[in-house]
Every structure is written in structure tokens, then in C-alpha cells.
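Take a look at the structure below.
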Number of protein chains: 2
Amino acid sequence: MVRKTKEEAEQTRKEIIESARAVFHQCGVSRSTLEKIAKEAGVTRGAIYWHFKDKAELFFAMREDVFAPMVERTDSLLLSDDFANPLDAIEASLKEFFRVLDDCPVVREVFEIMISRCEYVDEFSAVQEEAGRPAYEFLEKMERIYRKAADKGMLRQGLDPTAIARDTWAFTSGLLHLMLGCQKGSDLDKQIPAMISTHMALRRRA
Amino acid sequence: MVRKTKEEAEQTRKEIIESARAVFHQCGVSRSTLEKIAKEAGVTRGAIYWHFKDKAELFFAMREDVFAPMVERTDSLLLSDDFANPLDAIEASLKEFFRVLDDCPVVREVFEIMISRCEYVDEFSAVQEEAGRPAYEFLEKMERIYRKAADKGMLRQGLDPTAIARDTWAFTSGLLHLMLGCQKGSDLDKQIPAMISTHMALRRRA
DNA sequence: CTATTTACATACATTCATGAATGTTTATAA
DNA sequence: TTATAAACATTCATGAATGTATGTAAATAG
């Protein structure tokens with residue numbers, strides 16, 4: 001039985017991506033053979049080669065599925081007008097980001113793959129650059145919002161918006177890596193909201 | 001010409017490690033074949049198998065060569081008695097860490113390999129755990145020193161040593177990852193000392 | 001209704017990469 | 001001085017993994 005309908009084909013495409021995520025997460029990207037992924041998805045390598053040019057393209061597709069919604073989600077909080085204090089927008093956005101990471105296994109797995117189960121060389125160095133752009137955009141957003149907070153007088157005296165934006169930038173990156181890196185026996189997950197609160201409290205007006 | 005003297009053998013061992021670092025950095029660990037590494041070192045795979053059980057063991061050796069001196073170096077500053085203010089010890093230690101990373105290519109390459117050119121699965125998941133321990137020890141040290149600073153009255157009012165230790169922990173991890181990840185065209189390197197100063201200034205008594 | 005694609009499965013050729021086995025000198029210990 | 005073992009080089013067998021080429025049945029366009 002071959003030649004499925006268009007919707008069925010789209011479904012197998014999704015199943016291949018799901019399987020790729022599972023196998024990537026378990027074996028690491030380089031040790032994940034297309035045969036394993038195909039078997040996990042209940043298809044043959046032929047199906048994968050039909051939908052994707054090679055493993056790299058499959059990897060990109062898997063990543064994009066998760067990244068875009070994530071950025072949109074956090075940005076909507078970051079740029080929301082519902083917060084009188086811009087610092088509250090930052091705090092809410094950061095907490096939302098890590099909350100999703102904490103209780104959405106799909107998202108978490110993709111981030112774990114990207115952080116500790118992929119080697120960024122050759123075809124994959126492009127991924128690293130693409131992941132670097134959102135990071136820099138995050139920095140710019142932080143700077144803008146901290147400046148707005150300063151204008152509104154919500155920032156603690158003597159703080160430079162650019163400088164503390166960089167501090168928040170590094171803090172967020174580090175939190176992400178620590179959460180996904182040293183997960184095992186640690187109860188870090190539960191302390192993250194408090195850590196974010198502490199971080200923001202450092203820059204609130206007394 | 002075979003059967004070198006003991007010192008010569010030790011020398012080729014070191015050359016193998018050097019070559020492994022170069023090849024790991026260029027190709028990523030999984031795509032680094034022992035043949036490539038051997039050729040780079042001017043030996044054959046036989047030599048590598050003589051000195052190391054397999055690629056993983058070679059990887060561990062390469063890592064250990066760089067890590068231990070690094071921890072010792074930063075710890076000596078961190079636990080030094082030369083600083084009247086414990087916060088100065090932290091600041092000096094962090095700056096020293098990133099200074100070495102910045103102008104010692106060997107150290108930088110090893111960290112880059114560990115962060116973005118290695119997949120932490122199977123044999124290598126042990127590496128991640130070993131790298132996680134120093135991270136937790138760093139957290140504990142931070143906590144102790146911040147507490148000491150609090151006792152001496154050098155800490156800004158209302159700050160909890162444990163909480164800001166975690167903040168510094170995440171900050172440092174993030175700085176490391178940002179520095180090694182998004183290196184390319186950014187001038188991040190030059191801003192790192194200022195970022196550390198800013199970070200510490202946030203917790204100094206006004 | 002049939003011609004053409006689509007959406008795969010199957011088969012094949014080729015290319016590494018590994019680990020072990022074995023060979024070969026030569027330092028070194030006795 | 002010689003036996004032993006160190007420090008490699010060479011060779012071999014084997015097992016993936018990849019990409020491509022080809023087969024094929026069913027959906028769909030006309």
C-alpha cells in the first residue's frame with residue numbers, strides 16, 4: 001500500500017519529525033541513523049528521503065517546529081501593554097519561558113538536543129548562527145525595555161539599562177544551560193521562578 | 001624506527017592529545033576519526049590505540065589536561081586572603097577565568113569542544129556529569145563567600161547570600177556559553193570584564 | 001477513464017570507521 | 001648479553017551508514 005493521500009503524507013511527515021526528536025534525544029544527532037528514525041516512525045528510509053533531503057534538513061524542520069512558537073509566546077508577554085511596570089513584563093516573560101520548558105516535554109527535548117546532543121560543525125554550524133540571532137534579539141529587547149523602565153522611574157538609581165540588560169542576557173542563557181545540563185538529581189526546576197524573582201528584584205527601585 | 005624512549009613516548013602522547021584537540025575542534029568529536037587525528041599527529045592509529053583505549057578515553061585525557069589547572073587557578077583567587085572584601089575575590093576570580101579563556105587558545109578550544117562540538121550521550125554522558133560537579137561546587141563556593149561578605153557587612157541590604165549566589169551561578173554559566181557560542185562578529189569578549197563589574201556592583205553596599 | 005505523479009519501499013554500490021591481530025624494531029632490565 | 005616487553009606500524013575482517021537508483025501501487029488531474 002503506497003501513494004497515500006495528501007493529508008496522510010503530511011501525517012507521516014510529522015511522525016518522522018516526532019521519531020527524529022525521540023531518536024536524536026536518545027542517541028545524539030550524529031549517532032542517530034536514518035534507519036533508526038525510520039523504524040521508530042514505522043516507515044523506511046525511503047520515506048524520510050522523500051520528505052527531507054538529508055538528516056540536517058530533518059533536524060532543521062524539527063527545530064523550527066518548536067522554536068518559532070516559543071519566541072512568539074514569550075515576545076507577546078514581553079511586549080504586552082498589560083504591565084504597568086516593564087520589569088514585570090520581563091519577569092513574566094522569563095517565567096513563562098521556563099515554565100513551558102519545564103512542563104512541555106517536546107519543547108524540552110528539542111532544547112536538550114540543541115544544547116547537549118548536537119555538534120555544531122559543517123552543516124550544523126548554520127543552526128548555531130540561527131540560534132544566535134534570537135539570542136541577540138533578546139539582548140536588544142531587554143535593553144529597550146530596561147530603558148523604558150528607567151524612563152518611567154521604575155529602575156533602581158544608578159543602573160545603566162544597557163549594562164543590566166547584558167546581565168539579564170547572561171543570566172537567562174545560564175539558567176537555560178544549567179537547567180538542561182545538570183538536570184538529574186537537582187531540584188533546580190522548582191527554584192527557577194524564585195531565581196528569576198531574585199534577579200529582577202536586584203534592579204527594582206527600593 | 002619504533003620503540004622510542006620513555007620521554008619520547010610521553011611526547012607522542014602529548015602530540016596525540018594536541019592533534020585530537022585540533023581535529024575535535026574542527027570536525028566535532030563524532031566526525032573526528034582516529035585516522036584523522038593520527039595523521040595530524042604524524043603517527044598511525046596504532047599509536048593512538050597504544051596510548052588510549054578508544055576515542056572517549058582520548059577525549060577525557062584532553063579535557064582533564066585543561067580543566068584541573070583552570071579550577072585550581074580560579075579557586076586560588078576565590079579563596080585568597082588578599083582581598084579585604086570577599087566580593088573583590090569573586091570579581092577577580094571571574095575576571096581571571098574569562099581572561100584565560102580569552103587569551104589562551106588551547107583552553108578556549110577545549111571549552112568550545114565541550115560546549116558545542118560534543119554530544120553528551122552514552123560514554124560521554126559521564127563527561128557531562130563530571131562537568132556538572134564543578135558547576136555545583138562553584139555554586140557552593142559562591143554561597144559561602146557571599147555569606148562571608150554579608151557577615152562583614154559588605155553586601156547590600158536585604159540581599160540573601162544563597163539567592164544571589166544562584167544568580168551569579170547562572171550569570172557565569174551564561175557568560176561562558178554566550179562567549180563561546182555566538183563568538184563570530186561580536187565584540188562580546190571585550191565587554192566581559194565590564195559585565196562582571198556590573199554584575200558585582202549590583203550586590204555591593206551603596 | 002487513463003496518464004501521470006505522488007508517496008513511498010526495496011535493492012544496490014560505495015565509502016568509511018572501528019577493533020583486533022599481527023609484525024617490527026629497539027630500549028631496557030637482569 | 002640476551003630476553004623481554006615497550007612503542008608503535010601494518011594489515012585484515014567486519015559492520016554500519018549513506019545516497020542513489022529503481023520498483024510500484026494508488027491518488028489525482030484532465
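In this text the structure is predicted, and so the values were computed from the model without any measurement. Naming: A, B, ... by sequence-line order, numbering from 1 per chain.
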Establish, from distance only, whether the side-chain atoms of B:Gln11 and B:Glu15 form a donor-acceptor pair under 3.5 Å. yes
Give a yes or no on whether a salt bridge exists between A:Asp103 and A:Arg99, defined as a side-chain N under 4.0 angstrom from a carboxylate O. yes
Pick base, sugar-phosphate or nothing for A:Thr33, based on heavy-atom distances below 4.0 Å to the nucleic acid. sugar-phosphate
Ion pair A:Asp88/A:Arg204, N-O distance below 4.0 Å: yes
To the nearest Å, give me how far apart NZ (B:Lys39) and C1' (C:dA17) are. 13 Å
Is the distance from OP1 or OP2 of D:dA7 to the nearest side-chain N or O of B:His51 less than 4.0 Å? no
Could you give the CZ-to-C1' distance, from A:Arg31 to C:dT18, as a whole number of Å? 12 Å
Relative to the ring of A:Tyr136, is the ring of A:Trp169 parallel (under 30°), tilted (30 to 60°) or perpendicular (over 60°)? tilted
OP1 or OP2 of C:dT28 sitting under 4.0 Å from any side-chain N/O of B:Thr5? yes
Can you list every stem that DNA chain D is part of, counting only runs of 3 or more consecutive Watson-Crick or G-U wobble pairs with both distances under 3.5 Å? C:1-30 with D:1-30
Below the 4.0 Å mark, does D:dG19 have OP1 or OP2 next to a side-chain nitrogen or oxygen of A:Tyr49? yes
Side chain of B:Thr44 only, please: which of D:dT10, C:dT10, D:dT18 is the nearest? D:dT10
Under the salt bridge (Lys or Arg N to Asp or Glu O under 4.0 Å) test, residues paired with B:Asp65 that sit two or more places apart: none
Look at atom NZ of A:Lys39 and say whether more than 12 heavy atoms of other residues, nucleotides or ligands are closer to it than 6.0 Å. no
For atom NZ of A:Lys53 and atom P of C:dC8, their distance in whole Å: 21 Å
Strand contacts (DNA chain D) in residues 7-14 of chain B, 4.0 angstrom heavy-atom criterion: B:Ala9, B:Thr12
Rounding to a whole Å, what distance do you find between B:Glu35:CD and C:dC16:P? 12 Å
Between C:dA20, D:dA27, D:dA7, spot the one nearest the side chain of B:Arg45, thanks. C:dA20
Is any side-chain heavy atom of A:Tyr120 closer than 4.5 Å to a side-chain heavy atom of A:Met114? yes
Rounded interatomic separation in angstrom, taking CD1 from A:Ile48 and P from D:dT18: 9 Å
Nearest-Å distance, CZ (B:Phe52) to C1' (C:dT18)? 17 Å
Using whole Å, what does the distance between atom C1' of nucleotide D:dT28 and atom NZ of A:Lys6 come to? 9 Å
NZ of A:Lys55 versus P of D:dA17: gap in Å, rounded? 9 Å
Could you tell me whether the phosphate oxygens of D:dA7, OP1 or OP2, come under 4.0 Å of any side-chain nitrogen or oxygen in B:Trp50? yes
Phosphate OP1/OP2 of C:dT6: any A:Lys4 side-chain N/O under 4.0 Å: no
Would a 4.5 Å heavy-atom cut-off, applied to side chains only, mark A:Gln26 and A:Lys36 as touching? no
Look at the aromatic rings of B:Phe97 and B:Phe111 and report parallel, tilted or perpendicular, splitting at 30° and 60°. perpendicular
Any salt bridge linking A:Glu91 with A:Lys95? Criterion: basic side-chain nitrogen under 4.0 Å from a carboxylate oxygen. yes
